[in-house]
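Quick notes on the structure that follows.
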Amino acid sequence: MVNDPTRIITLQSHILAEQAQFPESTGTLSWILSALSISAKIIADKVRRARLENVLGPAGAENVQGEAQQKLDVLANEVLLASLGRREGVAMVASEENEEPVILRDEADGARRYAVLFDPLDGSSNLDVCGAVGTIFSILPHEAGVPARASLLQRGAAQVAAGYVLYGSSTVFVLTLGRGVDLFVLDPSVGAFILVERGLRIPAGNRSYSVNEGNRLSFPEGYRRYLDWAQREGYSSRYTGAMVADVHRILLKGGVFLYPPTAKAHHGKLRLMYEANPIAFLIEQAGGRALAGPTERLLEIAPTGIHQRTPVIVGAADQVDAVVAHLDES
Ligand code: AHM
Ligand code: MG
């Protein structure tokens, strides 16, 4: 399909075609997605040129999580804030890199608006070694008159769109609008994301897990039991240090990604609102399962804070079930 120039579908045209299926649509969401698309191209360019332009390494500050910000974390955050800020349909944004959400417009004019939450550069410590990094985003509806905090702190099940951009050996944009998961690859020669796969389904049967095993001794008992079992069964281990890259592999090949509670991070490390929820939405839309514990579906968690953390078990349904079978015994 991609080789036939007459059949090329860009992200832009895909979004417009999706919008056309809803005659009442005002196009607001499409404009927001186009801001995310242009941001992704700008960030991809900055990531590719980081070494040449000397923007690798720490920015010299910490974010609200107490983690050292990389220069590119700050740059990517600025790019997203600037491009989303210009879109009329964005009522507010919340970012991993900003302690407080930014309220952009909250007029009670009846216009349909959205809250956009994002992690500008996930896995950014990979940058110094030319490893893969990503951008994750979640879009929630905002009704005029509803307090900003209430719009931001909705369950993941309320998301109208979510996705990630993976800056790997190519730049990939993975999107769900709640009707399946579609995959686009940036063609740098024409500057557009091109649809390469529609309706992604996570394959079953991939005996592999993705977890930071350095933390194993402080995992709750059930997770250790699962790892013992998986190793006896001959499972493979794959972990890049960037959830976007690990989840991308799982979407395409199957397996499971885990970030359990640890001694250092009692509720896990990953952030619910702009890491776990959008990934959970994508995973479920691709036929997988996304949990915070043996019975807790990530998308059903009632959030209490923008930056709250959650344990994460996401992946192919069969592989998530294999983890849960061991947690249930604990
Ligand atoms: P970040 O958003 O600060 O980059 O942290 C999130 C990342 C995930 O992408 C990754 O899976 C995890 O943190 C790695 O953490 P650890 O080094 O503890 O395994
Ligand atoms: Mg992150």
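All figures in this text were calculated on a predicted structure; none of them were measured in a lab. In listed order, ligands and their atoms are each counted from 1.
If you look at Asn212 next to ligand 1, the close heavy atoms, those under 4.0 Å, all belong to the side chain. Under 4.0 angstrom from ligand 1, the non-hydrogen atoms of Asp119 all belong to its side chain. Contacts of Phe257 with ligand 1, taken as heavy-atom pairs under 4.0 Å, involve the side chain alone.
When only interatomic distances are considered, the shortest N/O to N/O separation between Gly123 and ligand 1 falls below 3.5 Å. Below 3.5 Å of separation, one finds no N or O of Ala242 facing any N or O of ligand 1. When only interatomic distances are considered, the shortest N/O to N/O separation between Asn215 and ligand 1 does not fall below 3.5 Å.
In the vicinity of Gly241, heavy-atom distances shorter than 4.0 Å reach the ligand 1 atoms 9 (O), 10 (C), 14 (C). Heavy-atom contacts of Tyr239 reach the following atoms of ligand 1: 11 (O), 12 (C), 14 (C), 15 (O), 16 (P), 19 (O) (cutoff under 4.0 Å). Which parts of ligand 1 touch Ser124 is read off a 4.0 Å heavy-atom cut-off, strictly below it: atoms 4 (O). Under a 4.0 Å criterion applied to the non-hydrogen atoms of Glu96, ligand 1 contributes the atoms 1 (P), 2 (O), 3 (O). Listed by number with element, the atoms of ligand 1 under 4.0 Å from a non-hydrogen atom of Tyr259 are 15 (O), 16 (P), 18 (O), 19 (O). Listed by atom number, the atoms of ligand 1 under 4.0 Å from Met243 heavy atoms are 8 (C), 9 (O), 10 (C), 11 (O).
No salt bridge links Glu275 with Arg309; every basic N to acidic carboxylate O contact stays at or beyond 4.0 Å. Contact check on Asp122 versus Arg271 returns no salt bridge, with no Lys/Arg side-chain nitrogen under 4.0 Å from an Asp/Glu carboxylate oxygen.
Counting heavy atoms of neighbouring residues, nucleotides and ligands inside a 6.0 Å radius, atom CD of Glu99 does not exceed 12 of them.
For residues 152-163, the set of pairs meeting the side chain to side chain donor-acceptor pair (under 3.5 Å) definition, not counting sequence neighbours, comprises Ser138-Gln159. Pairs engaging residues 118-146 under the ring pair (Phe, Tyr, Trp, His ring centres under 6.0 Å) rule: Phe137-Phe173 [sequence neighbours left out].
Between the choices Glu275, Arg271, Lys269, the shortest heavy-atom distance to atom 12 (C) of ligand 1 belongs to Lys269.
For the residue pair Thr28 and Gly89, the shortest heavy atom distance occurs at CG2-CA, 3.3 Å.
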- Item | Test log, rule side chain to side chain donor-acceptor pair (under 3.5 Å), inputs Gln231 and Tyr226 | CA-CA 9 Å; Gln231 287 168 8; Tyr226 163 75; over 6 Å; no
- Query: Checking side-chain contact (heavy atoms from CB on, under 4.5 Å) for the pair Tyr167/Val244: CA distance, chi angles, key distance, verdict?
  - Reply: CA-CA 9 Å; Tyr167 312 100; Val244 170; over 6 Å; no
- Determine, stepwise, if the pair Ile202 / Ile283 fulfils side-chain contact (heavy atoms from CB on, under 4.5 Å). CA-CA 8 Å; Ile202 306 178; Ile283 290 274; 4.0 Å; yes
